[in-house]
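We name chains A, B, ... by the order of the sequence lines, and we start the count at 1 in each one.
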Number of protein chains: 2
Amino acid sequence: MALTDRQSTSLLAIDPKLPMAPQIYGNIRQSILNLRLAPKQALSEKELALMLGVSRTPVREALIKLAEDGLVDIFPQRGTFVAPIRVSEVLEAQFIREALEVSVVARVAELSDPAISARLRESLARQKRAADNGDLDGFLAEDENFHFILSVSVNLTRAWKVIQNVKGQLDRVRVLSLPEPGHLTELYEQHMAIVTAIESGNAKVAKKHMAKHLQQVFRTIDSLLAKRPEIFD
Amino acid sequence: MALTDRQSTSLLAIDPKLPMAPQIYGNIRQSILNLRLAPKQALSEKELALMLGVSRTPVREALIKLAEDGLVDIFPQRGTFVAPIRVSEVLEAQFIREALEVSVVARVAELSDPAISARLRESLARQKRAADNGDLDGFLAEDENFHFILSVSVNLTRAWKVIQNVKGQLDRVRVLSLPEPGHLTELYEQHMAIVTAIESGNAKVAKKHMAKHLQQVFRTIDSLLAKRPEIFD
DNA sequence: TCAAATACACTACCATGGTAATATGTCAAC
DNA sequence: GTTGACATATTACCATGGTAGTGTATTTGA
């Protein structure tokens, strides 16, 4: 199927005043993560440039960055394709994220700064509201923000960037996990446990809760391998 | 000082048959890490392209990647500069590397695969030879290889890439640490302790030795801040 | 002498054209 | 029907020209 056959409204939200390459990167990345661009689908510089109303150069730069994220595969002189979901890479992304976030949360717990705790509590309140309303998108956004607060509050912005990069592999799996009832509340309670451990200054417990929290993906991978085999490898 | 005033022999090693952007990236990166390109020095697409005998496009792509590594600062419409050594970023790079490598070595220890152990022992032998001969470059290369073996032996290639990226910040500091006598032997013995822990299947001890090993940088940072303030911030 | 305005040089950024390598479709030979 | 060769189309890659934005030097006004 040709790219231009698809509806592409969100792909057109480009502000010509801002640098285009990062915008294009974010745009295509989002489309890959929510699977509007399906795994294994061909992407071409020329066609994307046409769709987005820009030249091929910034598109090319965006695709290179996506290739570093492992979200597209570039085969020189052959073509560029949305990367299939490779279980091994998803598992490795989980490993990297867990290693980093567990270390981050330990540092946060050791600091035990009331100001940080306050920000986390505010995030928790917003999460609860979203969970109660069944607002999936709102909850996911606040979930992202929760983890962002942890890294940035202890001045680990680059660690956050790394987490963000590898998290792409995980997000693509997560959107496929059907939003089961009570799932959001479950995640909220895990976050709550982490914050409680942080506030008690217990780094060891905080690490344990964080690790368990992040290992949730394992469950969704198993169910997906059975349900949607075509998007893998 | 203009770029072209500098001797630039190693910058010219470009194979026109291979993709140029990655070659240029590696070339400039090496020059930054060994400080032949000094911190805060201006880099221009045009001048670099001229020196390397290529066009500006692949140079630009290389600089963008170096900016992601935090090794150059790009100021749109103003210029691109070799990034100064920012202590905060060096410390964060250490944090990220430690988090990842500690987790990696734990996984290696839990596996306790004799084949991996054999590869590590071979590397140790080469390290000892280099240390005894005072072969600094040889030792550093084998040191790199040692850590590479750890990650790849448990199929964590992306983790290795991340480590590599952030390690740039650390390498630039390390080349400045004068090669003190006995220093290489000290590093060798730390590696040895890690391998011994791995072979005994003791993940906890392996993690501890790895953490201590990687925290060596802290010592060099302190002495450097006093000796070479001009290359910082 | 000094301050504000102006001209200039330089930058990264984007657009676009050319090129070698690869995939695909067509057709002939067996 | 199958296989091989050839023509064509498409690709990512690199080269190069144009543009808006930014610092700096120079000039202009007092």
*Decide yes or no on side-chain contact (heavy atoms from CB on, under 4.5 Å) for B:Ser151 and B:Ile163, but give the supporting numbers first.*
CA-CA 10 Å; B:Ser151 290; B:Ile163 292 168; 3.9 Å; yes
*Given B:Asp69, which of B:Arg172, B:Lys161, B:Arg29 fulfils the salt bridge (charged side-chain N to carboxylate O under 4.0 Å, His left out) condition?*
B:Arg29
*Quick one: label A:Ala49 by what it contacts on the DNA or RNA (base, sugar-phosphate, nothing), any heavy atom closer than 4.0 Å.*
nothing
*Is the NZ atom of A:Lys46 crowded by more than 12 outside heavy atoms at less than 6.0 Å?*
no
*Compute whether any side-chain donor of one residue and acceptor of the other, for A:Ser123 and A:Gln127, lie under 3.5 angstrom apart.*
yes
*When you check the phosphate oxygens OP1 and OP2 of D:dT11, does a side-chain N or O of A:Thr80 lie under 4.0 Å from one of them?*
no
*Send over the distance from B:Lys46 NZ to C:dA12 P, rounded to a whole Å.*
9 Å
Can you name the atoms? Protein N/O to nucleotides 6-9 of chain D N/O, anything below 3.5 Å, with the distance.
none

*Starting at CD of B:Glu45 and ending at P of D:dT16, how long is that distance when rounded to a whole Å?*
14 Å
_Any A:Ser55 side-chain N or O less than 4.0 Å from OP1/OP2 of C:dA15_ = yes
_Ion pair A:Arg119/A:Asp113, N-O distance below 4.0 Å_ = no
_Tell me which one of A:His213, A:His147, A:Lys167 satisfies side chain to side chain donor-acceptor pair (under 3.5 Å) with A:Glu101._
A:His147
*Please list, by residue number, the residues of residues 61-78 of chain A whose heavy atoms come closer than 4.0 Å to an atom of DNA chain C; answer none if no residue qualifies.*
A:Gln77, A:Arg78
*Calculate the interatomic distance between B:Glu47 atom CD and C:dC10 atom C1'; express it in whole Å.*
12 Å
*Quick one: B:Lys17 NZ to C:dT19 P, roughly how many Å, whole number?*
16 Å
*asked:* In this structure, how many angstroms lie between the C1' atom of C:dT16 and the CZ atom of A:Arg60, rounded?
replied: 14 Å
*B:Leu18 has an atom CG; how far is it from atom P of C:dA20, in whole Å?*
17 Å
*Do the side-chain N and O atoms of A:Thr80 and A:Glu45 include a donor-acceptor pair separated by under 3.5 angstrom?*
no
*Residues in ring pair (Phe, Tyr, Trp, His ring centres under 6.0 Å) contact with A:Phe146, at least two apart in sequence or another chain*: A:His191
*Between D:dT11, D:dG17, D:dA15, which nucleotide gets closest to the side-chain atoms of A:Ser44?*
D:dT11
*Tell me: CE of B:Met20 to P of C:dA21, nearest whole Å?*
14 Å
*With the side chain of A:Arg56 defined as its heavy atoms from C-beta on, choose the nearest nucleotide among D:dT16, D:dA12, C:dG18.*
C:dG18
*For residues B:Glu98 and B:Gln215, is any side-chain donor paired with an opposing acceptor at under 3.5 Å?*
yes
*Would you say D:dC13 has OP1 or OP2 under 4.0 Å from some side-chain N or O of B:Thr57?*
no
*Can you check the B:Leu48 CG to D:dA15 C1' distance for me, whole Å?*
16 Å
